[in-house]
Number of protein chains: 2
Amino acid sequence: MERKRTKSGNIRLADVAELAEVSLITASRFFSNPGALSVGKRERVESAAKQLGYVPNLAARALASQRTEIIGVLIPSLTNSVFSDVLRGIYDASEGSRYSIQLGNTRYSILQEEKLLRVFQSQRPAGLIVTGINQTEASRAILQTMNCPIAQIMEIGPDPVDMMVGFSHYDAGFAAASHLLAQGFQRIGFLGARMDPRVQRRFAGYVDALKAASRFDPRYIVTTPTSTTVTLGGTLFADLLAQAPDIEAVFCVNDDLALGVLFECQRRHIQIPEQMAIVGFNDLEFMASAVPPLTSVRSNRYEMGKSAVTMVTAAIDGFRPQELVVDLGFKLMIRHSSIARRN
Amino acid sequence: MERKRTKSGNIRLADVAELAEVSLITASRFFSNPGALSVGKRERVESAAKQLGYVPNLAARALASQRTEIIGVLIPSLTNSVFSDVLRGIYDASEGSRYSIQLGNTRYSILQEEKLLRVFQSQRPAGLIVTGINQTEASRAILQTMNCPIAQIMEIGPDPVDMMVGFSHYDAGFAAASHLLAQGFQRIGFLGARMDPRVQRRFAGYVDALKAASRFDPRYIVTTPTSTTVTLGGTLFADLLAQAPDIEAVFCVNDDLALGVLFECQRRHIQIPEQMAIVGFNDLEFMASAVPPLTSVRSNRYEMGKSAVTMVTAAIDGFRPQELVVDLGFKLMIRHSSIARRN
DNA sequence: TTGTAAGCGTTATCAT
DNA sequence: ATGATAACGCTTACAA
């Protein structure tokens, strides 16, 4: 375990080459294309590298090769478990590849997103994954100049920057509301928090579904820009009951709110679904084991993250997918909480 | 918005210098130490950079300066909301600094941790944050060679690699069990999942507390290496009831399990806390708004992430903290679910 | 299969 | 305050 000392104190590829008695470039090739080396040299370089504890310098590699193996990822929240799932998909997929992930948290701010994009610019990432379709003009301009494959995730829409993986939140909101209507509920409330672009599109789906059935009433709607908590679900539900005591069902824009509503109903001894139907969104794991089990809209978040990485890495390698926009869809998980009394 | 084209197609500092009619190094100084420039040149460089849309190349900077502004972070899970909170603290703190975060997910595997540490080695991070104190021998060796400030987070223990921010999971487990004993419960169960090192230390605290009170009984213990879900909480609780029908209270090693127990009790019409007391761990937000509100152990996760970054960045700048080991403690949040019937 | 030479874009060093 | 020159550690030509 002797240690070569160079000016900088680091073991360089040159040190490995020297010990292995090969040229620098041969040592370099051992890492990029070992098959091109003769067996003897390959073994000598390998053992020399191990003996010296050589670790390649990524900065030097990036500078010389003019490319990195970094995929930049921009998500709006670290707390929201929706994004934990997406991230898990992203990290799982990246581990099967040679790419590493550089993560940025925009906190639901498109200005912060723009800022982080500028940071990413200096890293020269090989690919990019951004959340949603509501970038600023400046962000779009930056994305254009970065000329690397880009995936927008979480939702799909017109005018993709490059690739897209997601689903229609409008359709999902419409489907959730339609389900309640189909069950025969007439006075259907909406509880919304944070009201980010995707939440707003779910909301729009709800509004249109109710309007189509001539059941729309602004009194049924309670929203807040505040971020989501379970406790908030209870509070918003209390507000809703206050302004529309005859409400029969609630569509909560996410499952945390739905859980809060469940607890509030338990507190008030409101029977679910007999006196109040509940539908959530995201289908977090606890929805199925709640009492009663809660209806929700399942999206393929893990898959979304995984696909985004797969698409981006494939595109980096020159294999651009046939379909640039991938709709992963959603699935209404109908459970006891939204089954009509009369059924 | 004209665009300079160089061999590589990128705008280099040299292009900025040329346009500003200063030397390369003067342009460089504009970014590292603008105060050292005369006003005239400063303005010329600034406008030239803006005009060309210059973006510094981090790889070149890292290579030339022999340092980066990357802090590597290794956590065991992206799904566990405990780590979302820690991460939020980490990212929030990093945004106030000039450092960016490089995240790795070890999935509770110390071998994966070792692997990721090797990846980090090639990036030459300026600082490192790792989870827990159970690194492999090889990992410890790698950490030693990276000579950068390192913070171990989540728990504290003997023999820190460098710095530490966390709390004693043993003490917390002991405190939770002691609380139930103090309330007069005699047959106190333990529900555990995933059984990572910190969970095991909480378990050890529980065991010792019960033994000290001569209330320990292996029949009261149900654990599984499986990862945690709310549903699993219900299942484990059912197992516990089967093997110890006379159980009076349960200490769940995390809040998801506790929520699962709550639901299972609701399903079985078991009154909380009259027939069954529940204590969870982590104090996730929903614990306070459950029906009844659930007792839990609160840890300062967000602070933990934030402090780790603060300590590491301070150390990078040469300001090593007085106290290398910081105990952030924990707090028993006593709520209705664990108040004894006889009180 | 192997090697030589010339960068990659920036900062450190040493002058002036 | 400003500049010339030599690194930094690696890869991409191109050559043999």
Side-chain angles (χ1 to χ4, degrees), chain A residues 4-46 48-49 52-70 98 121-124 126, chain B residues 4-46 48-49 52-70 98 121-124 126:
Chain A
K4 263 246 144 171
R5 283 275 149 221
T6 60
K7 229 173 295 181
S8 69
N10 288 320
I11 289 120
R12 314 188 311 298
L13 196 50
D15 303 324
V16 175
E18 191 185 353
L19 180 62
E21 294 179 303
V22 298
S23 73
L24 174 60
I25 188 64
T26 301
S28 168
R29 276 197 267 262
F30 170 76
F31 292 99
S32 54
N33 182 15
L37 270 63
S38 64
V39 199
K41 300 208 174 181
R42 192 184 324 167
E43 281 166 358
R44 263 152 56 202
V45 174
E46 180 161 26
L52 296 172
Y54 170 71
V55 177
N57 183 321
L58 253 38
R61 192 175 272 179
L63 184 58
S65 67
Q66 293 288 77
R67 51 196 164 65
T68 66
E69 296 185 337
I70 294 172
R98 62 184 187 290
Q121 257 185 307
S122 338
Q123 328 223 71
R124 315 278 137 106
Chain B
K4 263 246 144 172
R5 284 275 149 222
T6 60
K7 230 174 290 181
S8 71
N10 288 321
I11 290 119
R12 312 186 314 294
L13 197 49
D15 303 325
V16 175
E18 192 184 353
L19 180 62
E21 295 178 303
V22 297
S23 74
L24 173 59
I25 189 62
T26 301
S28 170
R29 278 197 266 263
F30 170 76
F31 292 98
S32 55
N33 182 14
L37 271 63
S38 64
V39 199
K41 298 206 175 183
R42 193 183 325 171
E43 281 166 357
R44 264 151 56 203
V45 174
E46 180 161 27
L52 295 172
Y54 170 72
V55 176
N57 183 321
L58 253 39
R61 191 174 275 181
L63 183 57
S65 68
Q66 293 288 79
R67 51 194 166 65
T68 66
E69 296 185 337
I70 295 172
R98 63 184 187 288
Q121 258 186 306
S122 339
Q123 327 223 70
R124 314 278 137 107

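Chain identifiers are assigned alphabetically (A, B, ...) following the order of the sequence lines, protein sequences preceding nucleic acid strands; residue numbering begins at 1 within each chain. All heavy atoms count here, side chains included; hydrogens, waters and symmetry mates do not.
Expressed to the nearest 0.5 Å, how far NZ of K41(A) lies from CD of E46(A) amounts to 16.0 Å. I11(B) CD1 to L19(B) CG: the interatomic distance, rounded to the nearest 0.5 Å, is 11.0 Å. L63(B) CG to N57(B) CG: the interatomic distance, rounded to the nearest 0.5 Å, is 9.5 Å.
Here F31(B) and Y54(B) bring their ring centres to under 6.0 angstrom of each other.
We find that CD of Q123(B) is positioned 18 Å from C1' of dC8(D), with the value rounded to whole Å. Atom P of nucleotide dT10(C) and atom CG of N33(B) are separated by 18 Å, given to the nearest angstrom. Following rounding to the nearest Å, N10(B) (CG) and dG7(C) (P) show an atom-to-atom distance of 17 Å. Rounded to an integer number of Å, the gap from CG of L63(A) to C1' of dA7(D) is 12 Å. Between the CZ atom of F30(B) and the C1' atom of dT2(D) there is a distance of 16 Å, rounded to whole Å. The nearest whole Å value for the distance from the CZ atom in R42(B) to the C1' atom in dA1(D) is 11 Å.
You'll find that the side chain of S23(A) is closest to dG3(C), out of dG9(C), dG3(C), dG3(D).
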Strictly under 4.0 angstrom, non-hydrogen atoms only: write out the protein contact profile of nucleotides 10-16 of chain D, one letter per nucleotide from the 5' end, B, S or -. BSB----

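In this structure the side chain of L37(B) reaches within 4.5 angstrom of the side chain of R29(B), judged on heavy atoms.
Within the structure, a side-chain polar atom (N or O) of Q66(B) is placed less than 4.0 Å from OP1 or OP2 of dG9(D). Contact annotation: K41(A) side-chain N/O to dT2(C) OP1/OP2 distance is under 4.0 Å.
In this view, E69(A) and R98(A) satisfy the salt bridge (Lys or Arg N to Asp or Glu O under 4.0 Å) rule, not counting sequence neighbours.
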